Structure formats: C-alpha cells, structure tokens
Protein chains: 2
Amino acid sequence: MKAKDSPAEPSSYSISELAREFDITTRAIRFYEDKGLLCPARRGQTRIYSPEDRVRLKLILRGKRLGFSLDESREIIDMYDPAHGNVEQLQRLLLHIEQKRAQLQQQLRDIESLMGELDDAEARARTALQLNIDS
Amino acid sequence: MKAKDSPAEPSSYSISELAREFDITTRAIRFYEDKGLLCPARRGQTRIYSPEDRVRLKLILRGKRLGFSLDESREIIDMYDPAHGNVEQLQRLLLHIEQKRAQLQQQLRDIESLMGELDDAEARARTALQLNIDS
DNA sequence: GCAGGAGTTTACGTTAACGTAAACGTAAGC
DNA sequence: GCTTACGTTTACGTTAACGTAAACTCCTGC
C-alpha cells in the first residue's frame, strides 16, 4: 500500500555524479576518503559509491553546515554503526552523545537569539527605509 | 520597580579580563581587532574595552559556535548599527538578512534531524549495553 | 633600583580543508 | 588512430584562525 513509485534510487553513483548533486568538487570527495570518512568500492581503479556512501556524504555536508570539523563529523557518523562491542566503549559513546546533544542545544539557543536580532535589524532597516522614502 | 541591584557591570575591561571571562587568549582578541571586528579605545598603548566591545566579542564567539567565519560574524554585527544611509544599501541589508535567516533555518533543520539520530544512537547503545550486562 | 607582571608590536609557524596542476590510464565516438 | 570525457595518483599552493616566541614598555611592590 506504500507509494513505491518514487524516482527510484540508483544502486550506485560515480564520483562526478555525487559532486554534481551536492555541488562540491571531486577533489573534496577524495579528500574525505583520505580522511577516513568514506571508503567506496572500486571497479579497477574507479570508485563506485553505494547509496550508503551517499548518505555518509550527506552527513558530512550537514556537519559542515553546523560548523563541525571532519573529525567531528566522523565521530558522529561512527555513532551509527553498532560495532561497539564492549561495555566501556558503549558508555563512552553514551557520554559522547550527551556532549553532542549539549552542543546542539547551545546552537539552538544561539540561533534563537540571532533570529530575534535579525527581526530587530529588519524592523530598523524598514523604518529607516520608510524615512528615506518619505523625505 | 525593577531589580536593579545585580552584580553591577563594570564600565570597562582589560584585555586579559575578557580573555579570562570567555576563555580565549589575548592573542585571539587582538586578532579579531586586526580583522576589524573590534576597535577598543586606548589609554596610551593599552586597549580599553567598553561594555559594547564586550557584547561584540560575545557575538563573535556565538558566531563561531554556529560555524561562521569571522567575515560572516562581522557582517552580522554590522547589521546592528543604523549607519546605513541610502536606500540601496538598506535594501541590500534586507536581502542579506533574509539570506542569513534562510541559513539559520537550514541549521535548525540540521540540528533537528541530528538530535533525532542521537536519540536513536542512544537507544541502540543502551540496548547493546543491556545485552552485554545480561550475558 | 630592580624583579615581576601585564601590556604592546612584529613576525614566523601551524592546522584544516581543500584548490590547482601535472602526468597518466581507459573507454566512447567519429 | 585521435580527440574528448572521465577517472586516477602525487604533490605543491592557499586561506583562515590563531599559536608561539622575541623584544620592548610601563607600573607596582619590596
């Protein structure tokens, strides 16, 4: 009963397809791989990106929009896979999650106040504009 | 009727006072001045920071938390002062405000989804932890 | 009168995140 | 068989945002 006839996602992507889609250079994508954030399959020398690789790339770019470094983004992405066997590591992960949450909440507050100030600035600008036109 | 007996804000600050308060180095503060984000008064050679300077510094650091470059932060701070005389400039300012708003809204969405994913990651971690303890 | 602390300028060093360019391989179309 | 497009590796260049260090001034306490 689900509407399953959406554009139908490709099963793999070339490096330039991804570069185009996300408006970044192929150089950047290879750089992320160098830094251990991606490791696409290969056909011969050529990189082949799976839908999962694409998601990882998306996460990297979202991290960038939030001002995260590549290292931070890698940490966040690493929180996803359940490959954290032992208890100690899991507890460190929980701590890590808590820290990220706190950081995001701070960012939320920052955005909120900035939004308010943008409202003020806009109001002042509109007033000044009105004065300039009236005169 | 207002509770006016708060700690009473100082009328000026030294560079090291500000550095301590915001946990940054004096080098950073001077750097921000170099880049035109601050221009404190001077007594002889020595920099004297007004409460307004302090606010500007706060805004710079808030910008950093949101991943803004110093140039971006300067632009945002510049939206505050009403020194934008002519109509053309005011309209450019309004456009600029709109763009920043859009960027902030994107960041809000990014944070929202990331928060959700942190919740998931935490749940998975707790489950895995429970399994490890039970066994 | 001098050591210590806080301030200053000047200048070179460093890290992250790519950009840019060279030099090469491979497959497609004409 | 040659160009054109897309891919590869390797390597040096660049920008932002400071860190670090040297060399100096000025004031304060003892």
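Because the structure is predicted, anything quoted here is derived from the model rather than measured. Proteins come first, then strands; the chains are lettered A, B, ... in the order of their sequence lines, and each starts at number 1. Computation of the quantities below employed the complete heavy-atom set of this structure, encompassing side-chain atoms and omitting hydrogens, waters and symmetry-equivalent molecules.
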What nucleic acid atoms does B:F68 come within less than 4.0 Å of, heavy atoms only: base, sugar-phosphate, or nothing? nothing
Is the number of heavy atoms from other residues, nucleotides or ligands within 6.0 Å of CD (A:E112) greater than 12? no
Can you pull the contact range of chain B along DNA chain D, 5' to 3', using atoms under 4.0 angstrom from its heavy atoms? D:dA17 to D:dT20
Regarding A:T25, tell me which of base, sugar-phosphate or nothing describes its non-hydrogen contacts under 4.0 Å with the strands shown. sugar-phosphate
Taking side chain as C-beta onward, heavy atoms only, is B:R42 less than 4.5 Å from B:T46? no
Interatomic distance where OH belongs to B:Y49 and P belongs to C:dA6 [whole Å]: 16 Å
Please work out if B:R42 contacts a base, only the sugar-phosphate, or nothing of the nucleic acid, heavy-atom cut-off 4.0 Å. sugar-phosphate
Within the structure shown, what part of the strands sits under 4.0 Å from A:R47 by heavy-atom distance: base, sugar-phosphate, or nothing? sugar-phosphate
If you pin B:L70 and B:R27 to their nearest nucleotides in DNA chain D, which one's is more 5'? B:L70
Salt bridge A:D71-A:R74, side-chain N to carboxylate O under 4.0 Å: yes
B:S16 vs C:dG7: side-chain N/O to OP1/OP2 distance below 4.0 Å: yes
Identify which one of A:K100, A:K64, A:K35 satisfies the salt bridge (charged side-chain N to carboxylate O under 4.0 Å, His left out) criterion when paired with A:E72. A:K100
Is it true that A:E98 and A:R101 have a side-chain N and a carboxylate O under 4.0 angstrom from each other? yes
Distance col, row A:L57:CG vs A:I24:CD1, nearest 0.5 angstrom, shows 4.5 Å
Quickly work out the B:I29 CD1 to C:dG7 C1' distance and round it to whole Å. 13 Å
